[in-house]
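None of the values given here were measured: they were computed from a predicted structure.
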Amino acid sequence: PKAMSSSHHLAKRLQRFSEPTVWAEFTPLAHSVRAVNLGQGYPGWNPEEFVTDALQKAVVSGHNQYCRSMGHGDLVAQLAQAYSASLGRQVDKDSQIVVTNGATEALFAAVLGLVDPGDEVIVVQPAFDLYWAQVETAGGVAVPVSLRVDAKSGEWVLDMDELAAAFSDKTRVLMLNTPHNPTGKMFSRDELEQIATLVRQHERCVVISDEVYEHITFGKKHVSMGSVLWDQTIVVSSAGKTFSVTGWKIGWTIGPAHLVKAVAVAHQWSAFSVSTPAQVAIARSLEAAAKPYKGHKTFYDWLRAEYTRKRTMLLETLRKVGLTPIECDGTFFVMADISSMADKVPDKYFYPDYRQEEAKDDDATKNNVPRSPADYAFARWLACERGVACIPPSAFYCDTDKASNVKYARFAFCKTDEELAEAHQRLLAHSSNNTAK
């Protein structure tokens, strides 16, 4: 019988997302060329001992079977206590929290639970790439609104008039991320109040607020959308970034019971429940994190101090090699203007066959091959010829806006001091700013 294409076996709603993602290209690339991986955002070290000890104790003490679908009792109790304080209201542990398989499932369950086919979802871009796939898989229509760098302040800003124009009678969800990946922007209370004013004008609209970097901030205090617009917000967060356990996949949603129920139903019929020992361990870790730690008032203060130091190391490196970084207020990412190096990138890196021996800048066969965005070419060149991997942020834009958003690269500083120092040496060795080259 005639062989069928792989796309024939894939549901139509998923076919557009069957191509390799930005992670599928650049993480293996970094590994294969032995580049220092400042691309993918996962910490380059093991969790603190109190976190791993908590997991070991949870396993040996018998927490190894299914638990309550909405979350283990110990964990939801700790989350209710923590978020009651940070949101300034009493959070009910039984009806206003759902524990999920990481923030990824929390976001997807929220989208599936709220969005009907044809509903519009406003996405503030650049946005983590899974937002687009989740919205379209649910049958929603993504409506992008872009952050832009203000010429005077040099900071990422959201045009509130542009945001207002994106709303319609079909708007069901606004996807918000603060602190924001990849830009590092933190939305101020004033900005969140302006957004809330617009959302209140649309009773059907719910804000899904992705706040997984809430504890990784620099000089500014994180403000949760849940503290500004409780009745129309689902707050999403997780343990992965805070406790350096991205592989444990413990996330959660918090919000009013009628909205959290939408998450709970989607979660019930997909994941059902998540790792019981990991939930118990995170409950114990949350309790410990609020106590003095290594000379700091809390673990969270120590965490911010560590990341502040690492951010300084990366910013110094990027500036010394002639790039123009935008200081992040939160997350562990820095966006840097790569315009000064654009002319160094050979033409072959604009094409998918750049690693083949026969690939040449003047290869006539490339005439019929679409060129990759310039930030992709830069990231390929930097990994292959400078030994440092980054991520091209055009991957975080909708298809129609990718080509016009190619002047930046995203660098992660959630890496060991040794890795950051090695990246510094490799980049400086080739820099025109290095007089000893």
Carboxylate-amine/guanidinium proximity below 4.0 Å for [X] and [Y]:
X	Y	answer
Arg284	Asp53	no
Glu385	Lys344	no
Glu306	Lys310	no

Keeping [X] on the side-chain end and [Y] on the backbone end, is there a donor-acceptor pair under 3.5 Å?
X	Y	answer
Arg410	Pro182	no
Thr100	Gly102	yes
Ser224	Gly226	yes
Asn405	Asp401	yes
Asn177	Asp210	yes
Thr217	His222	no
Ser84	Val91	yes

Hey, what's the ring geometry for [X] with [Y], parallel, tilted or perpendicular (30° and 60° as the breaks)?
X	Y	value
Phe243	Tyr300	tilted
Phe396	Trp23	tilted
Phe332	Tyr307	tilted

Run through Tyr351, Phe350, Trp381, Phe26 and flag the one making a ring pair (Phe, Tyr, Trp, His ring centres under 6.0 Å) with Tyr376.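 Only match with Tyr376 under ring pair (Phe, Tyr, Trp, His ring centres under 6.0 Å): Phe26.
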
Just wondering, more than 12 heavy atoms not from [X] lying within 6.0 Å of its [atom1]?
X	atom1	result
Gln56	CD	no
His296	NE2	yes
Asn46	CG	no

Would Phe333 and Trp156 count as a ring pair (Phe, Tyr, Trp, His ring centres under 6.0 Å) if you check the C-alpha gap in whole Å, the side-chain angles of each, and the deciding distance to 0.1 Å? CA-CA 14 Å; Phe333 301 116; Trp156 294 91; over 10 Å; no

With the side chain counted from C-beta on, respond yes when Met335 and Val149 share a heavy-atom pair under 4.5 Å apart, and no when they do not. no

Value for NZ (Lys241) from OH (Tyr42), rounded to nearest 0.5 Å, stands at 12.5 Å

How many angstroms lie between CD1 in Ile338 and NZ in Lys407, if you round to the nearest 0.5 Å? 10.0 Å

Determine, stepwise, if the pair Val76 / Met70 fulfils side chain to side chain contact (heavy atoms under 4.5 Å, CB included). CA-CA 8 Å; Val76 295; Met70 291 180 69; 5.9 Å; no

Cationic tip of Lys291 within the cone over Tyr293's six-membered ring, i.e. under 6.0 Å and within 45° of the normal? no

Does NZ or CZ of Arg380 fall inside the cone over Tyr349's six-membered ring, less than 6.0 Å from its centre and within 45° of the axis? no

